Protein chains: 2
Amino acid sequence: MKGEKKTQDDVVYEHIFDAILEQRLAPGTKLNEESLGDIFGVSRTIIRRALARLGYEQVVVLRPNRGAVVASPSLDEARQIVFARRVVEKAVTELVCENADANQIEQLKQMVRDEQACFDRGDLGAGIRLSGEFHLLLAEIAKNPPLLSFQRSLVSLSSLIIAQFEKGTAKSHCSYDEHFELIDAFAKRDKEKAVALMMHHLDHIEEKLNLGDEAEENDLKAIFSNVMSRKQSAPQA
Amino acid sequence: MKGEKKTQDDVVYEHIFDAILEQRLAPGTKLNEESLGDIFGVSRTIIRRALARLGYEQVVVLRPNRGAVVASPSLDEARQIVFARRVVEKAVTELVCENADANQIEQLKQMVRDEQACFDRGDLGAGIRLSGEFHLLLAEIAKNPPLLSFQRSLVSLSSLIIAQFEKGTAKSHCSYDEHFELIDAFAKRDKEKAVALMMHHLDHIEEKLNLGDEAEENDLKAIFSNVMSRKQSAPQA
DNA sequence: GGCTCATTTTTTGTACACATTTACGTCTAC
DNA sequence: GTAGACGTAAATGTGTACAAAAAATGAGCC
């Protein structure tokens, strides 16, 4: 549909972003400018721009003079992000109920079908991404560019959170059943139901936060604290 | 209070931003990288970063290969921005009612007194800026970083809109009386009243949109549309 | 043996130079 | 006289070199 030519920063941006979502880059990972430049075959200039953008969206943290690392939201920060999403998604949901035409409803359905296919075939990374894009498409249909831009940032962060907190959890993510239900409500222009479904949908994300614990391999000290206290145990077999 | 050292981009960013708010840079103005570099005594690298940031906040529009211009929101875009603010400000207002302590209430009052002083002495630019910072401080007190970041972008855009649409209007901007009333409601933790006041406050911005007309020297086509249809009328006197 | 401090190395920040694209004025053909 | 093509000038996009800062390393000291 859209045939705009992607600039180099966009390509790098998306690659890094996808890598973060698909957990190939764990939260806390240092993002070295020169290494990335070598990998993508571009100069640091391009990498720098991509990182700045990711930084603006808070998906990576930019520390002056100390480089960029993949963000690792704390439990508290994660809750705040979900809260912000509640605020935005409520407004978006109402707007979608008002605005969505048949064509867009079909577009939404197709996207969720794709999402379902990804999860079925076990491609978690692509699944999480499509799940996020569903919510972005909603914001697009809402036809409010500022909200869309904010939603983009929040969805990125949500995906990061899901990736970070959903390590062991078997239950699927933004479950596509709920997306289908939402689409039904949109088609019927049933605002109340749609909003209720959406809030419920976000409840599920929040529930996961309380289950999975956040301490990850970033915090080396925490992970090896037990080792430290038993230094003189059997070193190897 | 906060003694962090500002980087060069920050300084440039703020200068350009202020210039836009204070109408020293009119909407539609082309922002030439080299000229700006000369003015601020830095290389294009720094200018470029500042412009990228302004572009991300949508305060300037970045056209690939064609440079940056100061944004000039259409009437429709302005309405969408105000709508987004309603969404965010409602949530922020409720959070402020829940969270604000006596110290913060005093901080808010002081800020509005400063704002009042600016308008009284006729310094419109500083007044508009402080008025915006009041709303930013609210988002800070709400203690939700994602909402704060979105609010920052929206407040910037609102200021731009006010500057653009409030050309002739005598009535003052974000009137500080309303800010004082809001603070009262916060202090009493009266959510309903505070939200009502805030919505009313935003109504005032929206009203101005309908009064002042937007067509500026940017949209040449609109301006000369009448001329086109009467090509062979009397040319000059 | 552990700690501090100086040196080295790595990494980020900035300026600058070159490549590419775009805008504009001119020239030519019809 | 107008429309189109071409060439030139200017501005943006990108790579690279150098400067400054931080991190890592190792020597010296307690």
Side-chain angles (χ1 to χ4, degrees), chain A residues 3-16 25 28-56 58-72 218-221 224 227-232 235, chain B residues 3-16 25 28-71 217-221 227-228 231-232 235:
Chain A
E4 71 258 21
K5 52 184 172 184
K6 302 197 179 211
T7 122
Q8 287 189 88
D9 338 291
D10 286 335
V11 175
V12 173
Y13 166 84
E14 282 175 20
H15 270 99
I16 297 178
L25 282 172
T29 307
K30 175 92 191 289
L31 297 172
N32 183 295
E33 297 180 357
E34 198 167 347
S35 316
L36 288 170
D38 291 344
I39 291 166
F40 291 108
V42 295
S43 79
R44 276 178 53 217
T45 309
I46 309 294
I47 303 296
R48 219 143 211 290
R49 288 182 52 141
L51 289 178
R53 187 167 155 203
L54 288 162
Y56 195 95
Q58 324 232 146
V59 175
V60 309
V61 178
L62 300 172
R63 304 163 305 173
N65 282 317
R66 304 190 53 230
V69 297
V70 178
S72 51
N218 312 325
D219 193 352
L220 295 174
K221 206 161 77 179
F224 295 115
V227 178
M228 308 233 188
S229 58
R230 52 185 166 93
K231 247 189 222 158
Q232 40 243 52
Chain B
E4 70 258 17
K5 52 182 170 185
K6 305 197 180 214
T7 102
Q8 288 190 92
D9 338 288
D10 286 336
V11 176
V12 172
Y13 165 84
E14 281 174 22
H15 270 99
I16 297 177
L25 280 172
T29 307
K30 176 92 191 285
L31 298 171
N32 183 295
E33 297 179 357
E34 198 168 347
S35 316
L36 288 170
D38 291 345
I39 290 166
F40 291 107
V42 296
S43 78
R44 278 178 53 215
T45 309
I46 310 294
I47 303 296
R48 215 146 216 290
R49 285 182 55 136
L51 289 178
R53 187 166 155 203
L54 288 162
Y56 198 96
E57 289 182 0
Q58 323 236 142
V59 175
V60 309
V61 178
L62 301 172
R63 303 162 306 171
N65 282 315
R66 303 190 53 230
V69 296
V70 179
E217 57 267 51
N218 311 323
D219 195 352
L220 295 175
K221 205 162 81 177
V227 178
M228 307 236 189
K231 245 189 222 158
Q232 42 242 49

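Note on naming: letters A, B, ... go to the chains in the order of the sequence lines (proteins, then strands), and numbering restarts at 1 for each one. These numbers were taken from a predicted model, which means no experiment stands behind them.
- Under 4.0 angstrom from either OP1 or OP2 of C:dT12 there lies at least one side-chain N or O belonging to A:K30.
- Residues satisfying the salt bridge (Lys or Arg N to Asp or Glu O under 4.0 Å) criterion with B:E57, sequence neighbours excluded, are absent altogether.
- To the nearest 0.5 angstrom, A:H15 atom NE2 is 11.0 Å from A:I39 atom CD1.
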With the criterion being N/O to N/O and under 3.5 Å, what pairs connect the protein with nucleotides 13-17 of chain C, and how long is each?
residue, atom, partner, partner atom, Å
C:dG13, OP1, A:N65, N, 3.0
C:dG13, OP2, A:R48, NH2, 2.0
C:dG13, O5', A:R48, NH2, 3.3
C:dG13, N7, A:R44, NH2, 2.8
C:dG13, O6, A:R44, NH1, 3.1
C:dT14, OP1, B:Q8, NE2, 3.2
C:dA15, OP2, B:S43, N, 3.1
C:dA15, OP2, B:S43, OG, 2.8
C:dA15, N7, B:T45, OG1, 2.8

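- Between A:I47 atom CD1 and C:dT11 atom P the separation is 14 Å, expressed in whole Å.
- Scored by the side chain to side chain donor-acceptor pair (under 3.5 Å) test, A:E34 finds no partners at all (sequence neighbours excluded).
- Not counting sequence neighbours, the partners of A:R63 by the side-chain contact (heavy atoms from CB on, under 4.5 Å) test are A:K30, A:V61, A:R66, A:V69.
- Rounded to an integer number of Å, the gap from CD of A:E34 to P of D:dA23 is 18 Å.
- The CZ atom of A:F40 sits 17 Å away from the C1' atom of D:dT14 (whole-angstrom rounding).
- Considering only residues two or more places apart in sequence or on other chains, B:L62 meets the side-chain contact (heavy atoms from CB on, under 4.5 Å) condition with B:L51, B:V60, B:A68.
- Judged as a side-chain contact (heavy atoms from CB on, under 4.5 Å), and not counting sequence neighbours, the contacts of A:S35 are A:N32.
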